[in-house]
Amino acid sequence: MIARITPAPLSGTVPAIASKSVAHRLIIAAALADRPTHVLCNTTCDDIEATAGCLEALGARVEAVADGFMVTPVAAESDRPHAPTLDCKESGSTFRFMLPVACALGSEAIFTGAERLGQRPITALTDELFAAGCDFDGIGGFPLRTHGRMRPGRFQLPGDVSSQFISGIMLAAPIFGHLTEILVTGRIESKPYVNLTIQVLKSFGVRIETERIALADGTQGTLFTVPDVVYRSPGTVQVEGDWSNAAFWLCAGAMGGSPVCVDGLSLTSAQGDRNILAALSRFGAGVRRSTDAATIQPDKLVGFEMSAQDIPDLVPIVAAVAALADGTTVIRDCKRLRMKESDRVATVTDTLSRLGADISIDEDSIVVRGKPQLEGGEVDAHNDHRIAMMAAIAATRCAGEVTIRGAEAVNKSYPLFFTHYRQLGGQVSFEEGRSWHQSTATCCI
């Protein structure tokens, strides 16, 4: 799908969509609980549907209802499907959460999904699952077949690879009904997502203890202890509003001429991307908070230096803001962005450069030198939802029309994106067409 955008400022209020990060975790916990759970979830998307589909393949029932999902837990082992196929589509969270869950259930599962997802690093997780009694055929691609049943005990993971590995083992651990420990060495990247998992497990009666400990090599590690309890359904749970996608509208407020408000957000959320408010405040935008909403007022923006370690998903839209801020913005610690839906270090830089931004790559940093206005032009979404949304928001500050090829990528996390874009005053039209992909998105590295 091709989206053609005529530059126009965005203003007004939109509702937050459901957080897919929270939805993944709640639906998995509900499918492993002792009785059915009503999961209140005001929207869905391709990634949430992928997790629901994988759980149904394992023998749960995830029924769409008017206000979310009714989740009936996985059936007794004798009644589960044999050798189920779990299609993770393009969802990294689904794959990395469901792999240890399937292993803990002892399912001889077959994992499939998008080609790039199968190529994303997984060995730090599969090595631990192998040590716990599992085996695999096809690591490094799809299909990936699992064999054996994962045993409880102590698991050890590096903190600098993916927080999803930690969360995946946490989500699987209550299946055992035995004490399980997860030792994480080094600094935990994207730690807020681990805290989100801990929060979800607590709502199902599983309270994880966290302790900093000294390791034999003199460094510090983090020990997570999952008690010998099983999931207990609270009956009804609520998926909170999504800060990751709200960030696009809030950044539009900072870049435009009028305030933009997103309501339905928790100001005390464990979601790490709630830090978009702090980032926009550092740029110089006006930030207003209320009980369940955030509003960004435009003001003079000035670049600064920041780390992406705990907020990697904010990098695309923060880079778009930086492209229009006075001075230079440096976004450090971007290495892990290379293994997202696209190589986001390259695709963020390529896309904004094609729109007229002064942006370059310096090792694992993105450097942006701001301009008063961008030019416009034709870009590709690179099959990446956050690149498509970034381009659409950047288009509001372009002199000329912006064409986004592959704009349907937004469906991965935000099918209502362009509906809400128009609701805020955005001018966009659509036509069918194939996206094009550069062999390397490195025009300005």
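Here the structure is a predicted model, which is why all the values come from computation and not from measurement. The residues of the chain are indexed from 1 along the displayed sequence. Excluded from the calculations below are hydrogen atoms, water molecules and symmetry mates; all remaining heavy atoms, backbone and side chain alike, are included.
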Would you say the side chain of Pro227 lies within less than 4.5 Å of the side chain of Thr225, judging by non-hydrogen atoms?
no
Check whether Thr396 reaches the backbone of Ile393 with its side chain - one donor and one acceptor, N or O, closer than 3.5 Å.
yes
Side-chain donor-acceptor pair present, Asp333, Ser307, cut-off under 3.5 Å
yes
Atom pair NZ/OG of Lys20 and Ser413 - distance to nearest 0.5 Å:
6.0 Å
Does a side chain donor of either Thr347 or Ser342 reach within less than 3.5 Å of an acceptor in the other side chain?
yes
Evaluate side chain to side chain contact (heavy atoms under 4.5 Å, CB included) for Glu56 paired with Arg61, printing each intermediate quantity in order.
CA-CA 5 Å; Glu56 290 200 311; Arg61 189 166 75 250; 4.2 Å; yes
Atom of Ser167, atom of Thr197 and distance for their closest heavy-atom approach
OG-OG1, 2.6 Å
Here the pair of heavy atoms bringing Ile48 nearest to Thr43 is CD1-O, 4.2 Å
In plain terms, say whether Asp313 and Arg344 are close enough for a salt bridge, that is, a side-chain N and a carboxylate O under 4.0 Å apart.
yes
Minimum heavy-atom distance Leu314-Asn275, with the two atoms named:
CD1-C, 4.4 Å
Taking it one step at a time, do His24 and Thr51 satisfy side chain to side chain donor-acceptor pair (under 3.5 Å)?
CA-CA 6 Å; His24 284 306; Thr51 292; 2.7 Å; yes
Going by heavy atoms in the side chains, are Asp67 and Asn42 under 4.5 Å from each other?
no
Check whether Glu63 reaches the backbone of Met70 with its side chain - one donor and one acceptor, N or O, closer than 3.5 Å.
no
At what distance, to the nearest 0.5 angstrom, does CG of Leu280 lie from CD1 of Ile296?
5.0 Å
Between Thr222 and Glu211: side-chain donor-acceptor atoms closer than 3.5 Å
no
Reported CG-to-OG distance for the pair Asp310 and Ser190, which is rounded to 0.5 angstrom:
6.0 Å
Residue pair Ser107 / Arg80, side-chain donor-acceptor N/O under 3.5 Å
no
Going by an N to O cut-off under 4.0 Å, is there a salt bridge joining Arg232 and Asp34?
yes
Any side-chain donor paired with an acceptor under 3.5 Å for Arg35 and Ser233?
no
Donor-acceptor under 3.5 Å (Glu128 side chain, Thr123 main chain)
no
Show the numbers, then the answer: is there a side chain to side chain donor-acceptor pair (under 3.5 Å) between Thr94 and Ser91?
CA-CA 5 Å; Thr94 302; Ser91 174; 2.7 Å; yes
First locate atom CE of Met255, then atom CZ of Phe283, and finally report the distance between them rounded to the nearest 0.5 Å.
10.0 Å
Under 6.0 Å from the CD atom of Glu209, do we count more than 12 heavy atoms belonging to anything else shown?
no
Could you give all pairs that pass the ring-ring contact (aromatic ring centres under 6.0 Å, His included) test and reach residues 110-147, with sequence neighbours left out?
Phe95-Phe111, Phe95-Phe142
Side chain to side chain donor-acceptor pair (under 3.5 Å), that's the test. Do Gln164 and Ser93 meet it? Break it down for me.
CA-CA 7 Å; Gln164 291 174 351; Ser93 296; 3.0 Å; yes
Full working for side chain to side chain contact (heavy atoms under 4.5 Å, CB included) between Asp87 and Cys54:
CA-CA 6 Å; Asp87 184 2; Cys54 287; 5.6 Å; no
Would Thr180 and Phe224 count as a side chain to side chain contact (heavy atoms under 4.5 Å, CB included) if you check the C-alpha gap in whole Å, the side-chain angles of each, and the deciding distance to 0.1 Å?
CA-CA 8 Å; Thr180 300; Phe224 298 100; over 6 Å; no
Output the distance between atom CG (Leu157) and atom OG (Ser163), rounded to the nearest 0.5 Å.
11.0 Å
Measuring only between side-chain heavy atoms, which start at C-beta, is Leu32 closer than 4.5 Å to Val74?
yes
Does Arg274 have any salt bridge (charged side-chain N to carboxylate O under 4.0 Å, His left out) partners at least two apart in sequence or in another chain, and if so, which?
none
Is any side-chain heavy atom of Ser21 less than 4.5 Å from a side-chain heavy atom of Gln271?
no
Ionic contact status for Glu77 with Arg149, cut-off 4.0 Å
yes
Rounding to 0.5 Å, atoms CD1 (Ile387) and CG (Asp380) come to a distance of 10.0 Å
Between Gly221 and Leu215, the two heavy atoms sitting closest are N-CG, 3.8 Å
So which atom in Leu117 and which in Glu90 form the shortest heavy-atom distance, rounded to 0.1 Å?
CD2-C, 4.1 Å
Using every non-hydrogen atom in the two residues, find where Val230 and Pro174 come nearest and quote the distance to one decimal.
CG1-O, 3.5 Å
Full working for side chain to side chain donor-acceptor pair (under 3.5 Å) between Ser19 and Glu240
CA-CA 6 Å; Ser19 166; Glu240 64 184 53; 5.8 Å; no
Does Asp384 come within less than 4.0 Å of Lys340, counting only side-chain N to carboxylate O?
no
How are the rings of Tyr414 and His420 set to each other: parallel, tilted or perpendicular (split at 30° and 60°)?
perpendicular
Between Arg336 and Glu189, does at least one N-O distance fall below 4.0 Å, as a salt bridge requires?
yes
Between the side chains of Asp46 and Lys412, is the shortest nitrogen-to-carboxylate-oxygen separation below 4.0 Å, so that they form an ion pair?
no
Do the charged groups of Arg4 and Glu431 touch, with an N to O distance under 4.0 Å?
yes
ring-ring contact (aromatic ring centres under 6.0 Å, His included) pairs touching residues 150-197, sequence neighbours excluded, are none
Scan side-chain atoms only and decide if Ser258 and Ser11 contain a donor-acceptor pair under the 3.5 Å cut-off.
no
Using 4.0 Å as the upper bound for N to carboxylate O, is an ion pair formed by Arg332 and Glu305?
yes
With side chains defined as the heavy atoms from C-beta onward, is the minimum distance between Glu341 and Arg116 less than 4.5 Å?
no
Using the rule side chain to side chain contact (heavy atoms under 4.5 Å, CB included), only one of Val22, Val200, Thr37 pairs with Val237; which is it?
Thr37
Heavy-atom side-chain proximity of Ile122 to Leu125 below 4.5 angstrom
yes
Does some side-chain heavy atom of Val260 sit less than 4.5 Å from a side-chain heavy atom of Leu424?
yes
Are side-chain heavy atoms of Leu99 and Thr146 found at a separation under 4.5 Å?
yes
Test Arg386 against every option in Ile317, Asn245, Leu337 by the side chain to side chain contact (heavy atoms under 4.5 Å, CB included) rule and name the one that passes.
Asn245
Side chain to side chain contact (heavy atoms under 4.5 Å, CB included) between Leu55 and Ile27, worked out:
CA-CA 9 Å; Leu55 291 166; Ile27 293 171; 3.4 Å; yes
